[in-house]
Protein chains: 2
Amino acid sequence: MLHSEFAHNRPMNTPINGAIPADAAWQRTGKLWSSLKEVCDLLRIPPSAAVIADSDTQFQHVQFKAGQRIHTIGQPFDVLYVVNSGFLKTVMIDVFGNEQILSFPMKGDLFGVDGIHGRRYESEAVALTNCDVILVPFKKFTALGKAHPELEAAIYGVMSRELIREQSMVTMLGSLSAEARVARFLVNLSERFSELGYSGKQFNLRMTRHEIGSYLGLTLETVSRTLSAFNEMGLISVDQRAIDIKDFNALKTLRRLPPSRTRNKEKQALASAAALASQRAVA
Amino acid sequence: MLHSEFAHNRPMNTPINGAIPADAAWQRTGKLWSSLKEVCDLLRIPPSAAVIADSDTQFQHVQFKAGQRIHTIGQPFDVLYVVNSGFLKTVMIDVFGNEQILSFPMKGDLFGVDGIHGRRYESEAVALTNCDVILVPFKKFTALGKAHPELEAAIYGVMSRELIREQSMVTMLGSLSAEARVARFLVNLSERFSELGYSGKQFNLRMTRHEIGSYLGLTLETVSRTLSAFNEMGLISVDQRAIDIKDFNALKTLRRLPPSRTRNKEKQALASAAALASQRAVA
DNA sequence: CGGATGCTTGATTACTATCAAGCTAAGTGG
DNA sequence: CCACTTAGCTTGATAGTAATCAAGCATCCG
């Protein structure tokens with residue numbers, strides 16, 4: 001009970017494991033500063049010897065409670081954010097006022113990059129759970145790039161990675177069915193949890209059906225129905241926010257629910273004709 | 001008329017103007033090298049005095065014929081590309097083999113950025129028309145960034161701009177109807193043409209309906225029907241690839257075709273009931 | 001002048017959104 | 001501690017948008 005975010009997350013992700021200690025009591029004892037090496041590790045940037053040695057450079061942590069806003073659209077940009085713990089969402093709002101969730105950053109993820117171009121954030125970021133976030137002043141970051149050439153390359157690499165992520169979102173929204181999108185969403189979450197050392201099979205969603213729907217370009221009802229369908233098919237078991245993945249591979253390769261639907265034309269035609277006939281009989 | 005692409009494009013964009021000579025002498029007299037300043041201008045990066053003065057740094061041009069591939073997926077990355085003239089498409093292919101068009105680069109656009117992260121291109125780029133493209137070796141580019149700090153900031157800015165572009169694609173695919181997507185596509189093209197000094201009202205599409213559909217997450221039939229609908233509504237006039245925008249503002253604010261569709265429930269209910277009744281009468 | 005591509009249009013299907021209740025879980029205040 | 005409220009989730013019925021299937025037409029090219 002003395003814990004905090006990590007504790008707050010851990011038991012939710014691995015409800016099996018009952019006895020996780022030292023949940024990072026950040027709210028009392030939380031880290032306030034991180035070294036350059038720690039930030040690199042979080043971002044999965046291989047740190048060079050020079051970077052490891054650099055202990056002068058420190059980055060500040062900030063804590064947010066669930067529901068709090070980290071930055072808003074239009075707010076002047078000067079820092080990038082790296083998630084140390086907790087879950088967030090980033091949201092863009094288009095000219096018509098349509099809200100669209102763009103990402104669900106979690107530990108090790110970078111956000112705020114869209115502020116670089118216009119010196120203002122183009123999206124807003126909101127904490128879904130209590131969060132611990134590291135502030136990375138952009139100026140400081142690029143200045144460090146000059147001192148450490150490999151670091152500079154890595155910065156470009158991280159930005160490129162974000163771009164690729166967006167590109168695959170576009171591909172998904174442009175070409176996958178509702179079921180395939182939800183399946184991919186689960187697979188992605190699962191893989192990200194696994195990479196962080198949590199269970200990739202059992203975890204708790206941190207977002208509402210509405211938020212999932214916004215992220216995937218679907219309504220909350222379609223998300224709910226699709227999860228229920230996966231449940232009935234035995235691919236997952238789902239109870240509210242709790243997910244248990246039963247057949248990872250089936251999810252990974254799923255394209256759409258009805259197997260092929262290509263070779264049963266006549267049957268369908270007959271069936272619908274019959275249905276029509278009976279309808280008319282009734283009427 | 002000693003120039004080249006501009007001449008080459010112009011007649012297609014402004015078919016009104018019948019007498020443009022010397023199309024595309026680029027194949028004979030095309031520029032082979034550009035200075036750093038010229039590249040900055042193309043990319044809309046404000047060049048500093050130092051950049052303007054730098055005439056040692058030169059970037060090579062390469063010409064491609066329509067249909068030729070500039071780079072493929074998986075090919076080792078080492079250069080970024082800046083379009084000097086012509087039109088291209090970039091395509092990503094997902095795990096299931098779905099093809100998705102991600103962008104239609106034209107003069108002043110940068111592509112190849114997705115190769116930075118994994119040192120391999122994640123997408124492929126194909127020329128839709130004859131093209132003149134400038135090769136920007138990434139190493140050289142970042143090295144220049146060190147010499148010219150404002151240039152480095154601009155590089156980050158350009159990458160951030162690309163990210164924002166992708167984000168708005170996601171928002172569009174996630175929340176707009178077919179008509180709204182096609183409308184936005186036309187508006188975007190129009191604005192880009194205008195910025196380049198071409199007519200934003202009358203222009204020729206360089207891509208097929210299929211390619212537009214792939215870009216917008218729609219089928220080619222839906223694209224065709226939507227253009228026809230806009231035509232009938234008087235928003236545009238369309239004949240094959242030739243587009244003439246009649247009501248730019250209507251396109252810009254269009255959300256979906258049927259005006260509101262919110263306040264005519266009863267009418268619709270009655271109508272469909274009537275239809276059903278007559279159907280049954282027939283049967 | 002075919003043949004091939006690409007475009008349009010029509011008919012039909014089906015997927016997903018919308019509308020509409022219930023239901024569950026988690027607080028909240030008496 | 002227990003109604004009571006509220007936000008979130010599920011499920012059903014229905015409707016509408018866009019995909020699919022299917023011709024026919026236009027344009028371009030060799």
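Values reported hereafter were calculated over all heavy atoms of this structure, with side chains retained and with hydrogens, waters and symmetry mates removed. Chain letters run A, B, ... following the sequence lines, proteins first, then strands; residues in each count from 1.
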Could you give the [atom1]-to-[atom2] distance, from [X] to [N], as a whole number of Å?
{"X": "A/E232", "N": "D/dG12", "atom1": "CD", "atom2": "C1'", "value": "14 Å"}
{"X": "B/L218", "N": "D/dT20", "atom1": "CG", "atom2": "C1'", "value": "14 Å"}
{"X": "A/E211", "N": "D/dC9", "atom1": "CD", "atom2": "C1'", "value": "14 Å"}
{"X": "A/E179", "N": "C/dA14", "atom1": "CD", "atom2": "P", "value": "14 Å"}
{"X": "A/N204", "N": "D/dG8", "atom1": "CG", "atom2": "C1'", "value": "15 Å"}
{"X": "A/F230", "N": "D/dT10", "atom1": "CZ", "atom2": "P", "value": "13 Å"}
{"X": "B/I212", "N": "D/dA19", "atom1": "CD1", "atom2": "P", "value": "14 Å"}
{"X": "A/I236", "N": "D/dT10", "atom1": "CD1", "atom2": "C1'", "value": "14 Å"}

One thing to verify: whether B/D244 and B/K246 come together as a salt bridge, which I'm taking to mean a side-chain N less than 4.0 angstrom from a carboxylate O.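 Yes, charged N to carboxylate O under 4.0 Å.
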
Is the closest basic N to carboxylate O distance between A/E191 and A/K252 below 4.0 Å?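 A salt bridge is present here (some side-chain N lies under 4.0 Å from a carboxylate O).
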
Identify all pairs in which a protein N or O lies below 3.5 Å from an N or O of nucleotides 5-8 of chain C, and state each distance.
unit_1	atom_1	unit_2	atom_2	d
C/dC7	OP1	B/R241	NE	3.0
C/dC7	OP2	B/R209	N	2.9
C/dT8	OP1	B/R209	NH2	3.1
C/dT8	OP2	B/R209	NE	2.7
C/dT8	OP2	B/R209	NH2	3.2
C/dT8	OP2	B/S224	OG	2.8
C/dT8	O5'	B/S224	OG	3.3

Backbone N or O of A/F96 within a donor-acceptor pair of the B/R255 side chain at under 3.5 Å?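 Such a contact is found between B/R255 side chain and A/F96 backbone.
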
Is the backbone N or O of A/T72 less than 3.5 Å from a side-chain atom of A/Q75, with the two atoms forming a donor-acceptor pair by type? yes

Touch check for B/G217, heavy atoms < 4.0 angstrom, all strands: base, sugar-phosphate only, or nothing? sugar-phosphate

Non-hydrogen side-chain atoms of A/L88 and A/V126 separated by less than 4.5 Å: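 They are not in contact (no side-chain heavy atoms under 4.5 Å apart), so the answer is no.
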
Does a side-chain N or O from B/T219 land closer than 4.0 Å to OP1 or OP2 of D/dA19, or not?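 B/T219 to D/dA19 OP1/OP2: side-chain N or O found under 4.0 Å.
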
